Amino acid sequence: MNISKTGFTAIFWLCGTLLAFGQRIDLKDLSAFKNPSNSWSLAQNVVADLNTENVLKITKGEGILINQSTAKKAGSDLYTINEYGDVAIELDYLTAKGTNSGIYLQGNYEIQIDDAWGLKNPSSSNNGGIYQRWDDSKPEAEKGFGGVAPRQNASKAPGLWQHIKIIFQAPKFDASGKKTQNAKIISAELNGVLIHENVELFGATRGAAGAEKAKGPLRLQGDHGSVAFRNIQINELSEIPKPNQNGGADPIYIEAASNNMIRSFVDVAPRVRSVHAISVGGPEKVAYSYDLDNGTLLQGWHGDFIDATPMWDGRGNGTSRAMGSVTRFTKKPVLAIAKLAKDQAKWIADTAGTGFRTKGYVMDKQDRPEFKYIINGTNVTDAIKVMENGQGLTREIAVDKPSKDLYFLLATGSDIEEVAKGLYLIDDKSYYIQLADGTAKPVIRDVDGKKEVIVAIGTKLNYTILF
C-alpha cells in the first residue's frame with residue numbers, strides 16, 4: 001500500500017448565525033434575472049445525449065433553468081438582479097456532452113463548468129477550476145496566468161446532476177475606492193469533494209464583466225455551450241467562516257497509483273454499514289466498494305482513493321471513506337441475485353433460505369478481483385472492471401446453472417428513465433446503466449414508493465455503469 005500521513009485544515013460549513021440574507025431563486029419564471037435572452041428558458045426535465053456534443057433534450061415546464069447555445073446561435077450570459085458581497089452559493093448543474101460554461105462570482109471571478117468526465121489531471125480550465133486571468137499585452141504563451149486547478153477531478157458524466165458549494169469573500173475597498181483586500185474563494189466543494197480552500201484571487205479572471213467591486217451579481221455563462229441549473233441558493237454572509245485546525249489525528253490516505261484494494265467497513269447511508277466490504281482502485285482514478293455478504297456493488301467514485309483515518313487512527317472503528325466524488329448505487333446492502341416465481345414477486349430480503357456462501361475472489365490477468373459466491377445452488381462469478389477511459393465500470397455476472405427464474409437487481413431509486421435503447425438514468429440522474437446488446441428486457445417495478453429495475457440473468461449478464 002502507498003500511504004501518506006499529513007496534516008490538514010478543515011473548513012466549517014455555514015451556521016445559521018453567519019447568514020444575513022438568503023435567497024433561493026424560484027425557477028417558476030426568470031424574474032430573478034436581468035433581461036434574459038431567448039437562449040434561456042425553463043423546463044420540467046432535461047436529458048443529455050451521450051453520443052452527440054452540446055445537445056440537451058428538454059420537457060417544457062418549470063424548476064430547471066436551461067441555456068441552449070450553439071456555434072450557429074450563441075446564447076448570452078445571465079445575471080441576477082440582486083448583487084452580493086461575501087456570499088455562499090449552492091446549486092446543481094448538468095452539462096451536455098462537450099459543453100463549456102461557468103459560474104462568475106460578482107460577474108468577475110469564474111469557476112469553470114465543462115465536460116471533464118474521465119479526465120485524470122484537470123487544469124484550471126476544466127470543471128471546478130478557477131479560470132485564468134488574462135493579459136493581452138504579454139506574449140501569446142504567457143497571456144493566461146494565475147488559474148487554479150481543482151485538487152482532483154470530482155466531475156460526473158454529461159446529463160448527471162452535479163452539486164457545487166462555494167464560500168466567497170468579496171474584495172474590500174476604502175472610502176476612496178482603492179482596493180485594500182483581494183477577493184478569496186474560502187472553500188469550494190464539488191460533488192462532496194473539497195476542490196479549493198482559501199484561494200486568494202489577485203484580480204478578475206478572463207471574461208470579467210467589469211472592474212472589481214464590493215458587490216456584484218451572480219453570472220451564469222451562456223455563450224459557450226448548453227447547460228442546465230437548478231436549486232440555486234444564495235446566502236449573503238454577515239461573517240466569513242474561518243479555517244480551523246483539526247484537533248484530531250492527521251489523516252491517513254491510501255493511494256492507488258497502481259491497482260490497490262483494502263478491506264474495511266463501509267458506511268452506505270446514515271446508520272447503514274457494510275461490515276464485510278472491499279474497496280478497489282487503480283490508476284484510472286476510478287474506484288468502487290463491494291459488499292461480500294450480498295454480492296452488492298455499494299458505490300463508485302472518481303478521484304483519489306481511500307481515507308483510512310477512521311479505521312487506523314487510535315483504536316479505530318473499522319471504516320474507511322472514499323476520497324473522491326461518490327455515487328451511491330444502493331442505500332443498503334441487499335442481495336444482488338434472487339430466485340423469483342415471477343418478475344413482480346417481492347425481492348428477497350436477506351440470505352436466509354438461499355444457501356448464500358461467499359467464496360472470496362480470484363485475481364484476473366490485470367490483477368483485478370473477480371468475486372465468487374454460491375446462491376440457490378448456483379455458482380456466480382461477478383467481474384467488475386474499471387473502464388480504461390475512466391468513465392465508469394463494466395460488470396459481467398456469469399452463472400454455472402442458468403435458470404429462467406434467476407433475476408439480478410440492477411438498480412433502485414426515486415425514478416428510472418430509459419433515455420435510449422438499453423440506456424437508463426437512475427435515481428434523479430445520479431448515474432447511468434447501459435445494458436449490453438442481447439440482454440433480456442429489464443422490468444421496472446414500483447416498490448414502496450420507489451422504482452426498482454431487475455433483469456433475468458440467463459447464462460451471462462453484461463452491463464456498464466456510467467457516472
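In this text the structure is predicted, and so the values were computed from the model without any measurement. Just so you know, these numbers use all the heavy atoms, side chains as well, and skip hydrogens, waters and symmetry mates.
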Which atom names give the shortest non-hydrogen contact between [X] and [Y], and what distance separates them?
X	Y	answer
Gln23	Ala32	NE2-CB, 4.3 Å
Ala256	Gly281	CB-C, 3.8 Å
Tyr373	Ala336	OH-CB, 4.3 Å
Pro171	Ala183	CD-CB, 3.7 Å
Asn153	Ser155	OD1-OG, 2.6 Å
Asn127	Asp114	N-OD1, 2.6 Å

- prompt: Given the rule in the side chain to side chain donor-acceptor pair (under 3.5 Å) test, do Ser279 and Ser289 qualify, once you have shown the distances and angles that lead to the verdict?
  reply: CA-CA 4 Å; Ser279 297; Ser289 298; 2.7 Å; yes
Report yes or no: does [X] contribute a side-chain atom to a donor-acceptor pair with the main-chain N or O of [Y] at less than 3.5 Å?
X	Y	answer
Trp117	Gln391	yes
Thr80	Leu218	yes
Asn260	Glu255	yes
Arg445	Ala345	yes
Thr309	Ile252	yes
Asn182	Glu200	no
Asp115	Gly98	yes
Asp364	Asp367	yes
Asp400	Asn379	yes
Ser325	Ala154	yes

Could you tell me whether [X] and [Y] make a salt bridge, using a distance below 4.0 angstrom between a side-chain N and a carboxylate O?
X	Y	answer
Lys346	Asp448	no
Lys285	Asp304	yes
Glu417	Lys429	yes
Asp49	Lys97	no
Asp267	Arg273	yes
Asp92	Arg230	yes
Glu90	Arg24	no
Glu110	Arg219	no
Glu197	Lys184	no

message: Run the salt bridge (Lys or Arg N to Asp or Glu O under 4.0 Å) test against Arg321 and tell me which residues pass, sequence neighbours left out.
response: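 Listed in chain order: Asp307.
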query: Can you name the salt bridge (Lys or Arg N to Asp or Glu O under 4.0 Å) partners of Arg206, sequence neighbours left out?
result: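 Counting only residues at least two positions away or on another chain, Arg206 forms no salt bridge (Lys or Arg N to Asp or Glu O under 4.0 Å).
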Is the distance between the ring centroids of [Y] and [X] under 6.0 Å?
X	Y	answer
Phe371	Tyr290	yes
Tyr104	Tyr109	no
His302	Phe467	yes

From [X] [atom1] over to [Y] [atom2], what is the distance, rounded to the nearest 0.5 angstrom?
X	Y	atom1	atom2	answer
Ile254	Ile262	CD1	CD1	3.0 Å
Leu56	Ser226	CG	OG	5.0 Å
Gln434	Leu466	CD	CG	7.0 Å
Leu335	Ile348	CG	CD1	8.0 Å
Met261	Ile306	CE	CD1	12.5 Å
Leu91	Asn231	CG	CG	8.5 Å

So do the side chains of [X] and [Y] get within less than 4.5 Å of each other, counting heavy atoms only?
X	Y	value
Leu393	Tyr288	yes
Lys156	Asn191	yes
Gln132	Thr205	no
Ile384	Thr394	no
Asp415	Leu425	no
Tyr407	Val455	no
Val453	Leu409	no

field: Residues Leu65, Ile232; criterion side chain to side chain contact (heavy atoms under 4.5 Å, CB included); working and verdict
entry: CA-CA 10 Å; Leu65 177 65; Ile232 303 171; 4.3 Å; yes
- prompt: Listed by chain and number, what are the side-chain contact (heavy atoms from CB on, under 4.5 Å) partners of Ala170, not counting sequence neighbours?
  reply: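 So Ala170 forms a side-chain contact (heavy atoms from CB on, under 4.5 Å) with Asp86, Gln106, Phe168, Lys172.
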task: Determine, step by step, whether Asn294 and Val334 satisfy the side chain to side chain contact (heavy atoms under 4.5 Å, CB included) criterion, reporting the C-alpha distance in whole Å, the side-chain angles of both residues, the deciding distance to 0.1 Å, and the verdict.
output: CA-CA 6 Å; Asn294 293 278; Val334 295; 5.5 Å; no
task: Might you work through the side chain to side chain contact (heavy atoms under 4.5 Å, CB included) test for Leu423 and Ile433, ending with a clear yes or no?
output: CA-CA 6 Å; Leu423 180 66; Ile433 283 178; over 6 Å; no
Distance-only donor-acceptor check, side chains Asn376 and Thr378, under 3.5 Å: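 Checked: Asn376/Thr378 side chains show no N/O donor-acceptor pair below 3.5 Å.
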task: Could you check Tyr431 against Phe329 for ring pair (Phe, Tyr, Trp, His ring centres under 6.0 Å), going step by step and ending with a plain yes or no?
output: CA-CA 8 Å; Tyr431 61 99; Phe329 301 134; 5.0 Å; yes
- prompt: Going through the checks in order, is the side chain to side chain contact (heavy atoms under 4.5 Å, CB included) test met by Phe408 and Val399?
  reply: CA-CA 11 Å; Phe408 187 83; Val399 297; over 6 Å; no
- request: Please say whether more than 12 non-hydrogen atoms of neighbouring residues, nucleotides or ligands are located less than 6.0 Å from NZ in Lys372.
  value: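 Yes, NZ of Lys372 has more than 12 neighbouring heavy atoms, counting only those of other groups under 6.0 Å.
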From CA spacing to verdict: side chain to side chain donor-acceptor pair (under 3.5 Å), Glu396, Tyr463: CA-CA 7 Å; Glu396 180 180 276; Tyr463 72 100; over 6 Å; no
task: Go through the steps to decide whether Arg395 and Asn462 satisfy the test side chain to side chain donor-acceptor pair (under 3.5 Å), and finish with yes or no.
output: CA-CA 6 Å; Arg395 193 174 188 184; Asn462 287 280; over 6 Å; no
